[in-house]
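Keep in mind the model is a prediction, meaning the values are calculated, not measured. The chains referred to below are lettered A, B, ... by the order of the sequence lines, with proteins before strands, and numbering in each begins at 1.
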Amino acid sequence: MKAVFAVLNLLRPLNSGLLAVGRWLGVFAIGVMVAAILIQVFFRYVLGSALPWPDEAARFFMLWMTGLMAPTAFRNGGFVAIDFIDAVIKGKAMHLLQFVLLLISLTVLIVGVQIGYKEVTGLGGRFTTASLYLPTSLTFDGWYRIPRSWMMLSLLVGIVLLILVNIELLLERFVRLLGMSDRLPTRSGLTVGGTE
Amino acid sequence: ADYTIRATANSNENDEDYDGLVVFKNYVEAASNGAIEVELFIGTQLCSNGAECLQGVADGSIDVYISTSGGASGLFPYVQVLDLPYLMADDRVAEHVLSGDFTRKMRAMALEDSGDAIRLMTIGNTGGWRNFANTKRRVAAPADMEGLKIRTVVADLPQELVKALGASPTPIPWPELFTSFQTGVVEGSKNGITDIMGMKFPDAGLQYVTLDGHAYMGALWWMSNQSFMDMPEDMRRVVVDGFYALQQATFASPKRKSIQAYEDFVAGGGDLYVPTPAEKDAFKQAASPVYDWFKSNVTRGDEVFTALTDAVAAAEADVNGARDADLN
Amino acid sequence: MLIWFLPLFLFLLLVGLPVFFCLLAAPGALLWLNGQERDITLLYRNLYNGMDSFPLMAIPFFMLAGELMNRGGITVRLVEFSQALMGHLRGGLAQVNILSSILFAGLSGSAVADTSALGSMLIPAMEREGYTRKFAAAVTAASSVIGPIIPPSGIMIIYAYVMGESVAALFLAGIVPGILVGVGLMVMVRVMADKYDLPAARRVTFENVEIGGLESWVSFVLVRLNLGLLLAQFAPAADTTLSKWLTFLGAVLLAHGLMLGLRRVVSPEFRIVCKRAVVPLQTPILILGGILAGVFTPTEAAAVAVAYALLVGFLVLRTMKLKDLPEVFTRAGITSAVVLLLVGAAMSFKTVVSLSHAPEILADFILTLSENPLILLFLINLLLFVVGMFLDAGPAIIILGPILAPVFDGLGVESIHFAIIMCVNLTVGLATPPMGLVLFVAASVSHERVTTIAKAILPFLAVEVAVIFLITFVPAISLTIPKLTGFLN
Ligand code: NA
Ligand code: NA
């Protein structure tokens, strides 16, 4: 039991920190997305010549926004689920069920992280993006074509964060299962819904 | 069946890709006496673009996939050589080139660049030839292209071409093209006639087509090298011959399909213009900066450009020789 | 064999595994049991590629625009405007509630946002006027489902993407059904007003309504520009740029004249209330007008809406502060991240749906029930309604769309028509007991019990069900606008 609390005490601040950084980067990403699309609208309709990069750049940042911000929702119970089972079973049985469900989600994520690593480092990652370049020098005379792996990394990072959160939730559920809920701090955070 | 080949094309059952696959399936299943089964997935159920599908081919979750040159250019940029304008004169030359060693040269390049994972089986056709079409006016000379907003995919080469002709390239996703014509977001495109009619673009105002035939719409048929090499040689022979049959089918199908499409286009009041040889030369002149751009900007571009132009020269000699022999 | 992923999926869903994990775990497990390990990679790949989409970007943008507008104090302006138009009718505030929802729907794609924004303002106001709390909450919840039916709409963006339809066509198809739901609810309120003796009509007066100098000028210009653009459509087509501009200028002057005439017949207070509604109501005009005129795609329209909301909030109304932004962006980002993951997982799920030939099997089964599309549509509506009782609209569309839509496509039902049936039905499901998202929100806003609201909402649900069947059996209701505007051939 001591070990469980030791891990939890380590994981909780770690996750809080990582997810906070993720949220700030996510906010930045949304800003870039809006700006990129507005630039495109301006160039296409006001100047009459479309730019090749804004669409892809905006998608690039949207994927990173998703990877970095979704774990916060998972931690705060923001992943949509049918929860009427909670009304049917109570107490220990409910904690046990939730524990099992968290094991299932952890399995999905662990399989995911393995495939994800292969995908990012594999052939698909070696495809180039169609229109994204980075300057390789301060004078802008050399340009590096961004590979697709930089985009694909977003989901892998997201899954790693989800795994960290999943372990935290799993351990907390374990503590509750043993009837020691009072030893867990209450977590407050943003609650979010779906698109409805 | 001892072997199952899972083949996918991101088009639909009206497309010549499907015709090719049906011929392939039929041939391979019969010639292997049932030892090979071919499963067809038409559409985007398994994967929806070149990057995803070729990744599937590389890891063996997809055995056969057809991409356009644009779809594969993210990994094998030199396949865009097929998009270079006005290099091949007509079907006869193009078919001769693609049936020969040029395809083997591209196969070797792709195997090398994919670490022996992705094998180019054959190059057929999908949709005939690309022509310029627009909603504004008849285009008979490069000057008529001046200022037109032409839809292209997000890729450097078609954009360079459109710019070289004095028009302005506008990247628009394919599904949004119809309304973009309607509302004037773009004024033209570079597509084959079957795609133009299939998407009902004339209803959106696309009424001017110039048959400049600036690019052959090559269909690159890829196969997982491992799935292929894992078969014994006699089965490989069946598969190779199956791709030959497929190639012939995709050479023929667009020709047949385009007849109705051209008739419908003209019947709907469309203006179909065939440029004279002199006008076509003018287009080629105007587009020529693209060749240099390709050679200096695309990885292994010089190599593949030389291979293609040599193959075209040889094919023209062969075809002309054969034609001369047939004349009398 | 593979088809067993469906029952497993259903089981996992019912025991409460988050939908995202259900969509991946059930197909993954069956692929594994079936010895198709290599296809598990396809699941991952389609999850990633499912999210990598330009049209989907409209979801975070519209969400952001909605949140920004809400912060910017536009809700109160819409309610006042509705009050000025309908407040004096019998059952006035109930009608105002419904009209506000229709107007709000043009800015926001979310029923939850509608319930919480309008409910927190109108439910207490209705109570003060003598309506029961449960009735006020029920009207709010029932009318808020208009939000995702009239464009913009989050669930329609999802449907269009997952099923490969045009977002613009779907948006346009939703306009009339959304208004129809609103009108149906208004009629119901009118009927109930007599029967249950709802608070009597009362002249609405506005005393402390003011409008800032800048906002006043902006409204002044916007009204004339919009009206001018509209009038210019009726002028004969101009062939030169100069004559185009002259026509437009003439139309604007004509609009100005009309407004001057109108000014004489209304009270100054009424004028101010209307003026205050101009800036928020410009949003739907911007979005729909822009899409219709081909100025931008729905995704770009959404980005423009964000820019407009920022402009309005910071410069015109000056109701926003820089320090409010991070929270708004965070909220929109997290919500859309969840939705995007869900859509990606749905694309993975769809892959296995087609690998397992589920639509073919289902189609065979459905055709044994009946071959008449009308009867099948009736049955499907029942199914959707039941699903909507338990599942939110977004996940329900993601799960059922790929399975059901191909079946009806094969039966000759226009795909946009089926899309609207599905979207409207599942959206109404947001307000049905026992698991209606907006019922819960209405309960928390009004401090009334869910079960009490659930009973009070029944007459309104009856209206909405009637509208669903009307939409189902009269395709012209949804298809006319997209056809007239050329977004549907
Ligand atoms: Na809406
Ligand atoms: Na309302």
Side-chain angles (χ1 to χ4, degrees), chain A residues 23-24 26-27 29-31 33-38 40-41 44-45 55-56 58-59 62-63 65-74 76 78-86 97-98 100-101 104-105 107-109 111-112 115-116 118-119 124 151-152 154-155 158 190 192-196, chain C residues 12-21 24-25 28 40-41 44-45 47-48 51-54 56-57 59-61 63-64 109-112 148 154-155 158 295-296 299-300 303-304 306-307 326 329-335 337-342 390-395 430 434-435 437:
Chain A
R23 284 193 300 273
W24 277 104
V27 166
I30 304 175
M33 283 155 64
V34 176
I37 300 300
L38 290 175
Q40 179 69 307
V41 171
R44 182 144 83 208
Y45 300 104
D55 292 8
E56 200 173 25
R59 280 189 287 114
M62 178 169 75
L63 288 164
M65 174 202 86
T66 306
L68 294 170
M69 295 182 106
T72 295
F74 186 39
N76 295 335
F79 270 29
V80 194
I82 292 189
D83 47 7
F84 66 51
I85 197 88
D86 297 2
L97 174 68
Q98 294 298 338
V100 173
L101 293 181
I104 296 177
S105 54
T107 313
V108 169
L109 292 170
V111 173
I115 302 176
K118 275 191 240 150
E119 292 284 290
M151 271 169 106
M152 294 167 75
S154 58
L155 181 59
L190 287 160
V192 289
T195 177
E196 289 87 3
Chain C
L12 291 176
L13 196 66
L14 289 177
V15 295
L17 187 68
V19 182
F20 171 73
F21 293 113
L24 296 171
I40 298 181
T41 306
Y44 179 93
R45 198 169 292 150
L47 166 64
Y48 172 82
M51 296 187 294
D52 183 8
S53 139
F54 184 72
L56 280 181
M57 211 175 305
I59 292 176
F61 288 171
M63 228 165 244
L64 192 55
S110 148
V112 170
I155 60 165
I158 294 178
V295 183
F296 24 71
T299 304
E300 290 166 345
V304 169
V306 171
F329 272 57
T330 309
R331 195 185 288 275
I334 294 177
T335 311
V338 174
V339 174
L340 285 168
L341 272 187
L342 212 54
F390 297 95
L391 207 57
D392 294 346
L430 293 173
M435 311 295 274
L437 201 53

Side chain, backbone, both or neither: which part of [X] has a non-hydrogen atom closer than 4.5 Å to chain A?
| X | value |
| --- | --- |
| L12(C) | side chain |
| L13(C) | both |
| P60(C) | side chain |
| Y48(C) | both |
| L14(C) | both |
| V306(C) | side chain |

Residue [X] versus chain C: region with a heavy atom under 4.5 Å:
| X | value |
| --- | --- |
| Q40(A) | side chain |
| T107(A) | neither |
| V27(A) | both |
| V111(A) | side chain |
| L109(A) | side chain |

Supply the atom-to-atom distance [X] [atom1] to [Y] [atom2], rounded to the nearest 0.5 angstrom.
| X | Y | atom1 | atom2 | answer |
| --- | --- | --- | --- | --- |
| E119(A) | T41(C) | CD | OG1 | 6.5 Å |
| L391(C) | I82(A) | CG | CD1 | 4.5 Å |
| S105(A) | L24(C) | OG | CG | 11.0 Å |
| L155(A) | L340(C) | CG | CG | 11.5 Å |
| L342(C) | F79(A) | CG | CZ | 8.5 Å |
| E300(C) | D55(A) | CD | CG | 7.0 Å |

Query raised in the report: Looking at side-chain heavy atoms only, is the closest gap between F74(A) and F20(C) below 4.5 Å?
Result: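 A side-chain contact is absent here, since even the closest heavy-atom pair is not under 4.5 Å.
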Query - Test item: F296(C) and R44(A) side chains (from C-beta on) under 4.5 Å apart, heavy atoms - result: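 Counting from C-beta outward, F296(C) and R44(A) never come under 4.5 Å.
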Which pair of heavy atoms, one from [X] and one from [Y], lies closest together, and at what distance?
| X | Y | answer |
| --- | --- | --- |
| T330(C) | R23(A) | CG2-CD, 3.7 Å |
| A81(A) | G16(C) | CB-O, 3.6 Å |
| W24(A) | P326(C) | CH2-CB, 3.9 Å |
| L101(A) | V15(C) | CD1-O, 3.4 Å |
| F329(C) | M69(A) | O-CE, 4.3 Å |
| I37(A) | T299(C) | CG2-O, 4.5 Å |

Query raised in the report: Looking at G67(A), G26(A), A58(A), G158(A), which makes the most heavy-atom pairs under 4.5 Å with chain C?
Result: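 Ranked by contacts with chain C, first place is A58(A).
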Query raised in the report: Could you go step by step and tell me if V34(A) and F61(C) meet the side chain to side chain contact (heavy atoms under 4.5 Å, CB included) rule?
Result: CA-CA 7 Å; V34(A) 176; F61(C) 288 171; 3.6 Å; yes
